[in-house]
Each structure stands twice: as structure tokens, then as C-alpha cells.
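Just so it is clear, the structure is predicted and the values come from calculations on it, not from any experiment.
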Amino acid sequence: MKKKIIFISIFVLFVGFLGFLNYIKNKNLKDSTNEIVGTVMEYDTSSVTIQTEKSGVYTFHVKSTNFDVGDSLVIEYTGILNKDNNKQSCEVIRYKVVEEARDKDGIPVSWLDEGIFSDYYKPAYKKLKTLTTDEKIGQILLVRYPDENQVEILKKYQFGGFVFFGKDFQDKTGTQVKTMMNTLQKNANIPLLTAVDEEGGDVVRISSNPALVSEKFKSPSELYNAGGFDKITQDTISKSRVLSNLGLNLNLAPVVDVSTNPSDYMYKRTLQKNTDLTSTYAKTVIDASKGTGVSYTLKHFPGYGNNADTHTSSVVDRRTYEDIEKNDLPPFIEGIKAGAEAVLVSHNTVSSIDSKN
């Protein structure tokens with residue numbers, strides 16, 4: 001009996017000792033000062049959300065707005081970080097905005113060697129400083145080509161560009177289309193983006209007119225089944241030549257949504273293959289487009305999935321973020337790595353990313 005009591009006593013003491021060590025460890029964590037660096041994603045009067053380069057997104061309780069979206073922020077805190085914003089168990093001691101080094105024109109030095117547009121940041125920044133607020137707003141809008149008074153409207157608002165649809169090319173000759181584009185460019189203070197959806201298959205704004213292209217461009221799946229990625233490369237080059245010759249410089253394609261189910265709304269417009277092959281498709285189109293004078297657009301981010309037609313009603317995508325990340329994002333990643341100039345966002349409300357918008 002005595003041995004049993006002694007054993008139980010030793011066991012209790014041992015468990016208590018482990019608990020004490022754990023208490024000291026957590027106390028040290030909570031009392032020690034840590035530092036994290038991230039980019040401000042959003043903020044309000046009581047909190048700020050930052051994205052770090054490696055460890056993810058965190059929200060801190062900060063009662064200040066002395067920063068802006070895009071600022072680099074250093075936060076010193078005590079306690080334990082938790083990615084669940086509602087259970088954040090740390091306390092902010094202080095924070096500071098990291099001032100980026102800038103060149104003589106005021107451009108952040110880090111911009112000058114980053115990204116596919118880095119050669120143009122300096123002249124664009126200089127031009128930006130000469131624009132009025134109205135002109136800046138106009139430049140971020142890519143708008144529907146109006147049915148009438150096109151030049152007057154352009155002169156008034158100086159949009160960043162126009163999107164053209166099938167009816168804008170209907171019954172026109174190549175010469176008439178070129179004249180239309182040249183007239184717009186001559187009346188633009190800043191060269192216009194001239195955009196069109198020329199995906200191939202069911203979505204053909206240019207090649208629906210036999211006076212412009214003798215045969216409609218084929219869909220991604222038709223091309224792949226006829227000759228694999230070599231055929232897709234040839235088609236991209238051919239398509240780009242047609243668009244560039246007519247004065248169009250932005251193709252709102254390729255569709256890099258992953259769909260293998262014929263009942264999906266987006267199925268007919270996709271490659272109709274798995275994630276890996278769709279990723280190769282994205283890379284193939286972007287690689288082939290380089291040097292043609294036409295920029296290409298990956299769509300529909302973050303992947304359309306099996307959702308219904310959002311042109312006729314609102315749609316809520318209820319897939320998990322893990323599913324989207326695994327199955328839908330890789331084609332966008334490969335296309336961006338290849339140098340895609342643009343990404344087009346879907347109309348869907350993606351609940352796992354943003355349930356409100």
C-alpha cells in the first residue's frame with residue numbers, strides 16, 4: 001500500500017513539474033517581444049491585416065490608420081500568433097511603416113527590377129504625376145465600345161481602353177476595322193488597350209466575320225484533339241497576327257478553367273482536361289503569344305469550377321479553398337510564370353475567399 005501511495009505521489013509530482021515547465025514556456029513566449037514584417041492588405045480604425053512573404057496572413061488589433069494598403073509594416077508584439085483572426089492571442093507593442101528606398105523620380109527602387117512591366121514603371125510613373133484625378137480614373141477603366149459618338153466620348157473621358165464585341169465587326173472589312181482602331185488611337189492622350197474575346201469555338205468576336213477571317217478559330221479542346229500543344233501554339237500565333245493586323249492589342253483569352261465534366265457551364269470553352277494539362281495549355285498559349293504584339297489574359301480567376309452561368313444570374317461558389325488551390329490555381333500560376341500580361345476575374349462569389357463580394 002505504501003509503495004502504491006509513493007508511486008502515485010511521484011506521478012503527481014512529475015505531471016505537476018511538466019505543467020510548470022509548460023507554464024514557464026508559454027509565459028516566456030507571451031512575455032518575449034517578437035517581430036513580423038508584412039504588406040498591408042486592409043485596415044480599419046481598430047485593426048490591420050498584413051500578408052507576410054512566407055508565413056501567411058494575420059490580423060492585428062491596432063488602433064491607428066497611419067498607413068495605407070500596400071505599405072510595408074513592421075509589427076512588434078508579445079504572445080502567440082494565430083492565423084485564426086478571431087483567436088489572436090498576442091498584443092501589439094509598437095509598429096512602424098518601412099519607408100522604401102526611392103530613386104530621384106520618387107519610384108520605389110524595388111519596382112525597377114520586378115515583373116514583366118518593370119521597364120515601363122519609370123515613364124509610367126512620370127506620366128501619372130501629370131494626370132488629373134479624372135484622367136487617372138479614366139485610365140483604370142476598360143469599357144464597352146459605345147454604339148455612337150465614340151470619339152466624343154473618348155475625348156471626354158480618356159478611358160484606358162475599349163472592349164469590342166461581335167456586332168462591332170459585323171459586315172466590316174479589314175480596312176474598316178483598321179480605320180476604326182486608328183481613329184480611336186489618334187484621339188487618345190495615352191495609347192488605348194483595344195480588347196476582344198477571341199477564344200475560339202463558341203466565343204469568336206473577330207472570326208465570326210468571314211470577311212476578316214476565312215474560318216472561325218477552333219476551341220482549345222478541338223485544337224488539342226487535332227494536334228496537341230503544337231496545334232495550340234500555331235493557332236495562338238495565327239490568331240495574334242490577325243488581331244494585331246486589325247489594330248487589336250489585347251485578347252481576353254485563354255480560358256484556363258479546369259473542367260472535365262460535360263455538364264459544366266464552362267466545359268465547352270475549356271481544354272476539357274485535368275489540372276496538369278490545363279496548366280501546360282496556359283503556359284503554351286502565353287509562350288506562343290510573346291513577340292506578336294498582342295497581350296493575353298488568363299481567365300476566369302480563381303477558376304470557374306462547376307458553377308452555373310453568371311451572365312444570367314448570381315452564383316455562389318462553395319468549394320473549399322484547399323480544393324481551389326489544388327485544382328484551379330495551378331494553370332494561373334503557370335501562365336503568370338510564363339509572363340501573362342493580365343488576369344480576368346470571374347463573376348462568382350467565392351465563399352471560401354470572400355463570402356460578401
Side-chain angles (χ1 to χ4, degrees), residues 18-118 121-122 124-125 128-129 133 136 140 301-303 317 319-326 328-330 332-333 336-337 343 345 349-357:
L18 289 178
F20 177 72
L21 289 178
N22 191 53
Y23 167 77
I24 294 297
K25 179 183 176 183
N26 285 332
K27 188 175 187 304
N28 287 338
L29 276 173
K30 289 181 179 179
D31 290 345
S32 62
T33 301
N34 300 287
E35 186 176 278
I36 191 168
V37 181
T39 304
V40 176
M41 296 177 65
E42 59 180 346
Y43 65 90
D44 55 33
T45 55
S46 62
S47 66
V48 60
T49 299
I50 67 170
Q51 177 161 14
T52 63
E53 189 171 338
K54 294 181 180 178
S55 59
V57 177
Y58 298 93
T59 297
F60 293 89
H61 301 299
V62 175
K63 292 184 178 180
S64 178
T65 55
N66 296 325
F67 36 72
D68 205 350
V69 171
D71 282 349
S72 182
L73 204 63
V74 178
I75 294 178
E76 292 183 35
Y77 66 93
T78 59
I80 304 168
L81 281 181
N82 191 323
K83 288 186 179 180
D84 186 341
N85 298 334
N86 297 321
K87 298 179 181 177
Q88 196 62 274
S89 54
C90 66
E91 181 180 350
V92 175
I93 299 174
R94 64 181 65 86
Y95 69 87
K96 62 180 177 180
V97 176
V98 180
E99 293 293 336
E100 279 200 83
R102 296 175 180 266
D103 72 356
K104 60 183 178 61
D105 297 311
I107 303 175
V109 174
S110 63
W111 291 11
L112 301 180
D113 58 357
E114 285 187 7
I116 58 174
F117 300 115
S118 58
Y121 287 152
K122 186 166 287 192
Y125 190 77
L128 190 66
K129 291 195 291 187
T133 299
K136 289 175 184 176
I140 64 173
F301 186 84
D317 184 340
R319 292 174 298 158
T320 66
Y321 182 78
E322 290 72 23
D323 184 37
I324 293 171
E325 188 174 36
K326 178 182 177 182
D328 296 84
L329 294 189
F332 292 95
I333 292 170
I336 290 169
K337 283 182 180 177
V343 175
V345 179
T349 297
V350 186
S351 60
S352 65
I353 297 175
D354 184 344
S355 61
K356 297 179 181 178
N357 297 296

Where [X] and [Y] come nearest, the two heavy atoms and their spacing:
X: S47; Y: T59; value: CB-CG2, 4.0 Å
X: E76; Y: T33; value: OE1-CG2, 3.8 Å
X: V37; Y: I50; value: C-CD1, 4.5 Å
X: S352; Y: R319; value: OG-O, 3.3 Å
X: Y321; Y: I353; value: CD1-CG1, 3.8 Å

Could you measure the distance from the [atom1] atom of [X] to the [atom2] atom of [Y]? Nearest 0.5 Å is fine.
X: I36; Y: T52; atom1: CD1; atom2: OG1; value: 5.0 Å
X: T78; Y: E91; atom1: OG1; atom2: CD; value: 5.0 Å
X: T320; Y: E325; atom1: OG1; atom2: CD; value: 9.5 Å
X: L73; Y: T49; atom1: CG; atom2: OG1; value: 11.0 Å

Aromatic plane relationship, Y77 with F60 - under 30° parallel, 30 to 60° tilted, over 60° perpendicular = tilted

task = Inspect the surroundings of CD in E42 and state if more than 12 heavy atoms from other residues, nucleotides or ligands are less than 6.0 Å away.
result = no

query = Hey, mind stepping through V74 and E35 against side chain to side chain contact (heavy atoms under 4.5 Å, CB included) and telling me if it holds?
reply = CA-CA 7 Å; V74 178; E35 186 176 278; 3.5 Å; yes

request  = Only counting residues at least two apart or in another chain, list the ones meeting side chain to side chain contact (heavy atoms under 4.5 Å, CB included) with L128.
outcome  = L131, K136

request  = List for me each residue that meets side chain to side chain donor-acceptor pair (under 3.5 Å) alongside D71, sequence neighbours excluded, and say none if there are none.
outcome  = none

task = Report yes or no: does S351 contribute a side-chain atom to a donor-acceptor pair with the main-chain N or O of D317 at less than 3.5 Å?
result = yes

query = Considering only heavy atoms from C-beta outward, does the side chain of I324 approach that of L329 to under 4.5 Å?
reply = yes

task = Could you check D68 against V40 for side chain to side chain contact (heavy atoms under 4.5 Å, CB included), going step by step and ending with a plain yes or no?
result = CA-CA 7 Å; D68 205 350; V40 176; over 6 Å; no

